[in-house]
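Notes for the one structure printed next.
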Amino acid sequence: MTSLSLLLWIVSGIALQLAIFLGVSFWRHWLDYHALRSSVAELNIPLKHDVPEDTANAVIAAWQGFRTFRVDRKVIEDAVQSVCSFYLVPEDGQPLPPFLPGQFLTFRLDVPAATGNTEQITRCYSLSDAPRPDCYRVSIKRVLPPINSNFPPGRSSNFFHDQVVVGSLLQMRAPIGHFHIDRSDDPVVLIAGGIGITPMLSMLNWCLTEQPGREIWLFYGVRHGRELVMKSHLEALAAAYSNFHLRLCFSDPQPEDMGKHSHRGRVDVSLLRIQLPLKPYHFYICGPTPMLESIVPALEDWGVPDTHIHFEAFGPSSIKRKRPATTAVTKMLDIGAMETSIVVTFAKSGKQLPWQPAAGNLLEFAESNGISVDFGCRAGSCGTCQTTIRAGEVNYNHPPDYDPELGKCLLCVCTPKTSITVEA
Ligand SMILES: Cc1cc2nc3c(=O)[nH]c(=O)nc-3n(C[C@H](O)[C@H](O)[C@H](O)COP(=O)(O)OP(=O)(O)OC[C@H]3O[C@@H](n4cnc5c(N)ncnc54)[C@H](O)[C@@H]3O)c2cc1C
């Protein structure tokens with residue numbers, strides 16, 4: 001054999017091995033891809049690359065409009081009796097579609113009005129348990145008037161606590177929302193403040209059963225132990241699952257609160273830095289706006305990438321990120337490129353007014369000019385303030401949970417991009 005033919009044999013042998021290696025790798029990836037596709041299809045959850053980038057995390061509502069549910073059970077969840085869970089079963093008896101842990105329901109309620117009649121209001125409540133086919137659960141905190149004010153107590157939450165009973169019928173939209181846990185195996189940190197525990201309970205319960213072994217931490221901040229929601233459930237999970245790490249953080253602890261999982265003080269990033277090993281965690285945060293306003297920028301300062309920080313506030317919120325978010329919707333928010341003199345025309349009210357960024361979103365702008373608009377959550381979640389745009393364009397700070405119909409906008413979370421005429 002000549003040295004040339006020997007060389008050819010060696011090269012062909014290497015090429016053959018390479019081809020076999022590539023073929024086997026491709027086949028394995030193909031099998032993994034198919035397994036992932038069919039497991040996601042079973043849950044009816046769109047795969048990320050099946051939907052446009054902006055809506056990659058959105059999920060199509062499982063039913064359109066409102067569906068009637070009956071309250072099957074009511075359970076008080078904390079020692080101070082301010083949080084009550086409602087177990088809801090569909091009146092039509094059909095199995096329930098799954099949802100993504102972290103999503104919420106939208107309720108249309110007929111609550112008593114001061115006039116003696118009823119008034120229709122819309123409110124959103126997070127699902128507080130993992131998906132199951134027979135019922136949904138929400139856990140609602142009774143909202144009191146601000147201290148030293150004469151305002152009436154929260155209408156929806158007090159209506160739920162005082163007037164919604166076992167057997168009551170409620171109108172609900174399908175689960176929806178962009179704030180939900182990812183399906184990867186990445187380690188995850190859940191951070192809850194007060195009633196912000198509800199979506200975390202859903203994520204936690206789902207993760208522990210569906211993703212065995214995934215490292216999961218829960219930092220749960222309240223003032224003292226009597227405010228803890230589902231305390232014994234959380235402690236039982238921490239005892240049962242070695243991959244679940246529970247930290248109960250008390251800003252004003254009572255002596256009896258300090259136990260195995262307790263920490264004295266609020267949840268903040270210095271605590272996370274002490275407690276968490278260095279790993280590429282995903283952070284999910286839900287709590288009062290001041291908590292989000294301090295934790296989100298601090299995580300960014302710590303070097304956590306934007307794509308690993310997910311948060312939701314229950315109500316009007318405008319968490320300013322240190323680094324601008326990179327979604328297409330946010331990129332549109334270029335104040336410098338906006339028209340310098342924007343005029344907003346409220347067609348039905350017959351008012352034409354100059355708008356400045358300091359005037360806030362279009363709902364606030366309407367209200368401050370005596371224009372009354374129906375609203376619910378003031379957070380882009382419920383769709384109550386959806387209004388037709390007759391001319392012009394709007395910007396959203398981040399994609400709203402409720403997808404406005406074509407030619408309409410959600411006044412509570414948008415600002416004018418150009419001079420605009422809206423039907424209000
Ligand atoms: C996506 C999402 C998920 C949510 N999930 C949950 C959840 O799981 N659990 C939960 O408990 N909540 C949740 N919320 C919050 C919930 O939707 C309601 O905002 C909350 O229950 C308060 O509604 P309410 O009708 O009881 O209070 P409202 O009637 O809206 O009143 C709110 C506060 O304003 C005060 N007030 C009344 N009138 C005035 C006035 N004229 N001026 C100033 N203040 C006034 C009231 O006294 C009260 O303190 C969620 C919100 C969103 C957006």
Side-chain angles (χ1 to χ4, degrees), residues 58-59 74-78 80-88 99-114 119-129 136-164 170 172-180 192-203 222 227 229-230 284-289 292 310-319 363-364 367-368 372 374-385 398-402 410 412-413:
V59 173
K74 257 179 100 166
V75 181
I76 292 290
E77 304 286 10
D78 56 346
V80 288
Q81 309 222 327
S82 74
V83 176
C84 182
S85 285
F86 297 81
Y87 289 78
L88 306 158
F99 58 87
L100 298 178
Q103 292 192 307
F104 62 86
L105 295 168
T106 304
F107 292 79
R108 188 172 63 194
L109 304 163
D110 290 314
V111 299
E119 189 189 352
Q120 204 160 75
I121 60 171
T122 308
R123 292 288 186 277
C124 304
Y125 291 101
S126 299
L127 287 140
S128 63
D129 200 359
Y136 288 144
R137 182 180 76 186
V138 291
S139 305
I140 299 180
K141 181 175 178 171
R142 188 192 284 279
V143 176
L144 302 173
I147 296 162
N148 298 330
S149 84
N150 293 324
F151 296 131
R155 281 182 299 168
S156 160
S157 55
N158 285 275
F159 174 74
F160 265 98
H161 275 251
D162 299 334
Q163 303 195 32
V164 173
L170 296 167
M172 283 160 39
R173 278 210 208 104
I176 198 168
H178 294 93
F179 180 67
H180 53 76
I195 192 61
I197 188 68
T198 51
M200 304 307 172
L201 284 165
S202 178
M203 294 183 190
V222 288
E227 288 187 344
V229 171
M230 297 186 210
Y284 292 85
I285 313 149
C286 184
T289 303
L292 296 180
H310 318 268
F311 57 84
E312 178 167 80
F314 287 171
S317 159
S318 54
I319 309 304
L363 176 61
E364 290 163 344
E367 287 172 336
S368 61
S372 151
D374 266 358
F375 63 86
C377 65
R378 302 183 79 98
S381 308
C382 72
T384 310
C385 66
H398 44 78
D401 282 322
Y402 184 94
L410 300 179
C412 73
V413 282

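Each ligand, and each atom within it, is numbered from 1 in the order the structure gives. Just so it is clear, the values below take in all heavy atoms, side chains as well, and ignore hydrogens, waters and symmetry mates.
Close approach to S157 involves these atoms of ligand 1, each under 4.0 Å from a residue heavy atom: 21 (O), 24 (P), 26 (O). Interface of P145 with ligand 1, defined as ligand atoms under 4.0 Å from a residue heavy atom, comprises 47 (O), 49 (O). For ligand 1, the atoms closer than 4.0 angstrom to any heavy atom of S126 are 3 (C), 4 (C), 5 (N), 6 (C), 7 (C), 8 (O). Near T198, meaning under 4.0 Å from one of its heavy atoms, ligand 1 places the atoms 7 (C), 8 (O). Less than 4.0 angstrom separates some heavy atom of I195 from each of these atoms of ligand 1: 9 (N), 10 (C), 11 (O).
For an aromatic pair to be called close, the ring centres must be under 6.0 Å apart, and F160 with F107 satisfies this.
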Check against side-chain contact (heavy atoms from CB on, under 4.5 Å), D162 and R142
CA-CA 10 Å; D162 299 334; R142 188 192 284 279; 2.9 Å; yes
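At a heavy-atom distance under 4.0 Å, no atom of S149 approaches ligand 1. The proximity of L144 to ligand 1, defined as any non-hydrogen pair under 4.0 Å, is limited to the backbone. In F104, the part holding a heavy atom less than 4.0 Å from any atom of ligand 1 is the side chain.
Ionic pairing of D78 and K141 is not present here: no N-O contact between side-chain nitrogen and carboxylate oxygen is shorter than 4.0 angstrom.
The shortest heavy-atom distance from V143 to ligand 1 is under 4.0 Å.
When only interatomic distances are considered, the shortest N/O to N/O separation between P152 and ligand 1 falls below 3.5 Å. The distance criterion of under 3.5 Å between nitrogen or oxygen atoms is not met by E312 with respect to ligand 1. Checking only distances, N158 never comes within under 3.5 Å of ligand 1, N or O to N or O. At under 3.5 Å, not a single nitrogen or oxygen of S381, backbone or side chain, sits near a nitrogen or oxygen of ligand 1. Among the atoms of A313, none of the N or O lies under 3.5 angstrom from an N or O of ligand 1.
Distance check: F179 CZ to D401 CG gives 10.5 Å after rounding to the nearest 0.5 Å.
Judged by distance alone, with hydrogens and angles left aside, the side-chain atoms of S202 form no donor-acceptor pair with the main-chain N or O of S128 at under 3.5 Å. Judged by distance alone, with hydrogens and angles left aside, the side-chain atoms of E312 form no donor-acceptor pair with the main-chain N or O of C286 at under 3.5 Å.
With sequence neighbours excluded, the residues that form a side-chain contact (heavy atoms from CB on, under 4.5 Å) with D374 are T384. Shown here are the side-chain contact (heavy atoms from CB on, under 4.5 Å) partners of Y402, two or more places apart in sequence or in another chain: R173, Q386, L410.
In this structure, C84 and I140 have side chains that are not in contact, with every pair of non-hydrogen atoms separated by 4.5 Å or more.
The residue from S139, C124, G102, G194 that puts a heavy atom closest to atom 51 (C) of ligand 1 is C124.
Here the rule is side chain to side chain contact (heavy atoms under 4.5 Å, CB included) with S126, and of I197, T198, L201 only T198 fits it.
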